[in-house]
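To start, the structure under review is shown below, and the notes come after it.
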There are 2 protein chains.
Amino acid sequence: MKQVIVITGASSGFGRLTANALAKAGHTVYASMRETTGRNAAVVADVEKFARDNKVDLRALELDVDSQDSADVAIAKIVAEQGHLDVVMHNAGHMVFGPADVHARTTGRTLRHQCAEHPACQSCGVAATAQAGQRIAGLGVEQQLGRRHAALSRALFCRQGRHGCACRARELSRWGIETSIIVPGAFTGGTNHFAHSGSPADRARAAKYEAGPYAGFGEQIMKAFSAIVPPEADAGSVADAIVKIVDMPFGQRPFRVHIDPTQDGAEVAFAVIDRVRNEMLHRVGFSDLLHPKANG
Amino acid sequence: MKQVIVITGASSGFGRLTANALAKAGHTVYASMRETTGRNAAVVADVEKFARDNKVDLRALELDVDSQDSADVAIAKIVAEQGHLDVVMHNAGHMVFGPADVHARTTGRTLRHQCAEHPACQSCGVAATAQAGQRIAGLGVEQQLGRRHAALSRALFCRQGRHGCACRARELSRWGIETSIIVPGAFTGGTNHFAHSGSPADRARAAKYEAGPYAGFGEQIMKAFSAIVPPEADAGSVADAIVKIVDMPFGQRPFRVHIDPTQDGAEVAFAVIDRVRNEMLHRVGFSDLLHPKANG
């Protein structure tokens, strides 16, 4: 069944790959990003070219996940054009790389963005639902990266703290919104893994760290973590997995899917974490939250 | 051995209990909090009275964990007075309670504070170390709460996303700083568990949620989670455990300690998470980060 889908952070990486794959699978896809008339104007042109070349319904859309107003406008536009919105894929993220202490002092945009778990974006789906008083988005797809690098805080992903998506799922199920969480491993090819990461604003402090017992640490980490990614790792496999999930029937989609060529152990840890959380919900009488309500 | 200790968020709850217990154990303890001359003036007087009554070295100290300047001034004051700082206990936190979407829109102080993992505070120890060019704090004690409520995002703790403390430990070990993470369960007596929690600033939106399929959910959660705390649960047991850890020899302290009368499963999940992270460090050649360097 053809679905209306919005993806955040779709200017590059997994977001872009998934937007293309879902459009090719026959869905109406809004590839959202910020600065569509600014530095992403060339990306917008490229998105439009892809749509023409492949005769698919793929559209670039302005959406800055740091701005609730921007998110509200974007969602309203989709609903106005399509009458509904079926799938929200939370994908936008920004990696920062450097000593935790130095980043911790950058209390500006980057850290808020990173740690606030996309304040605007995360509420797109549920906000649309609450405002309209009816179920609009029937599926939320979460792209959760960062738990691998959680071994080392130098690489802080936007989604590092994204316990949030597992929790939020429980606040969406009674609205009739299903959640699938995608956990990709590191794909250093096909995405802009380290290349687009932010660096500490406080260079003087960063330099102090580089002169200490962790001298050269940043480069060592990048090399070490790139080295464990097998050469056959294909970032497109993440997009393919999401296409399959979107095409599954409501209520039968997996809660969490790992696509990780490095086998970093996240699937072991998350199996336990998810289970422990579920058991707590059973224990305190909230078992119903574990499945989306059919007529929410 | 007598240690010089600073505790953040020591105006109430675990912070205050631990400050008292450590002072009684013979240490010099700075019970830090914000607004020492404002709304916490009475707490400061009470801290001073406790010190006099028990003839212990307990001092109130101004430290707002949301302000790097405030943290810098506080740490400098301790070092000026004592010549060194041995233990930093990151304890400050603030719980917010309400629909995730509503809180997500509150991009002001509360959310930043919550999600940024105490930008200023978390760097107290390492900042002091880096600036002085020598090891000052030899132990960081982390109080990590919130993973229980991670089952439900309505109760978002400041420390919900605190993967951070496990990660940061790896950035401190070469500086010769040991980390012990304390994971208390919910203690609804003896702390200000739900009582001091923040409520959504956007009351109109919160009301919309209360009118939806989650009507009454907030109260149900509070009741359900309070009901599983056994009556014998004693918040003082957390303070006692921290006193024991502080008194242990350097390099032999436990990485993580759970004190949880509700047996919520966190100790099962964290055992796996910590192990998976450690194995990744071994795999990529960073095994040395798992133990604090003796002469860091």
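Interface residue B/Arg283: only side-chain heavy atoms are found under 4.5 Å from chain A. Heavy atoms closer than 4.5 Å to chain A are found in both the backbone and the side chain of B/Gln220.
Annotation for B/Arg174 and A/Tyr214: closest pair N-OH, 3.0 Å, computed over non-hydrogen atoms. In terms of heavy-atom proximity, A/Ile273 sits nearest to B/Ile273 at CD1-CD1, 3.5 Å.
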Trace of the side chain to side chain contact (heavy atoms under 4.5 Å, CB included) decision for A/Arg275 with B/Val268: CA-CA 10 Å; A/Arg275 177 72 183 217; B/Val268 176; over 6 Å; no
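Under the side chain to side chain contact (heavy atoms under 4.5 Å, CB included) criterion, B/Ala224 pairs with A/Val284, A/Phe286, sequence neighbours left out.
The CG atom of B/Leu289 lies 4.5 Å from the CZ atom of A/Phe217; values are rounded to the nearest 0.5 Å.
Between B/Ile228 and A/Met280, some side-chain heavy-atom pair lies under the 4.5 Å cut-off.
Within 6.0 Å of the NE2 atom in B/His291, the count of heavy atoms belonging to other residues, nucleotides or ligands does not exceed 12.
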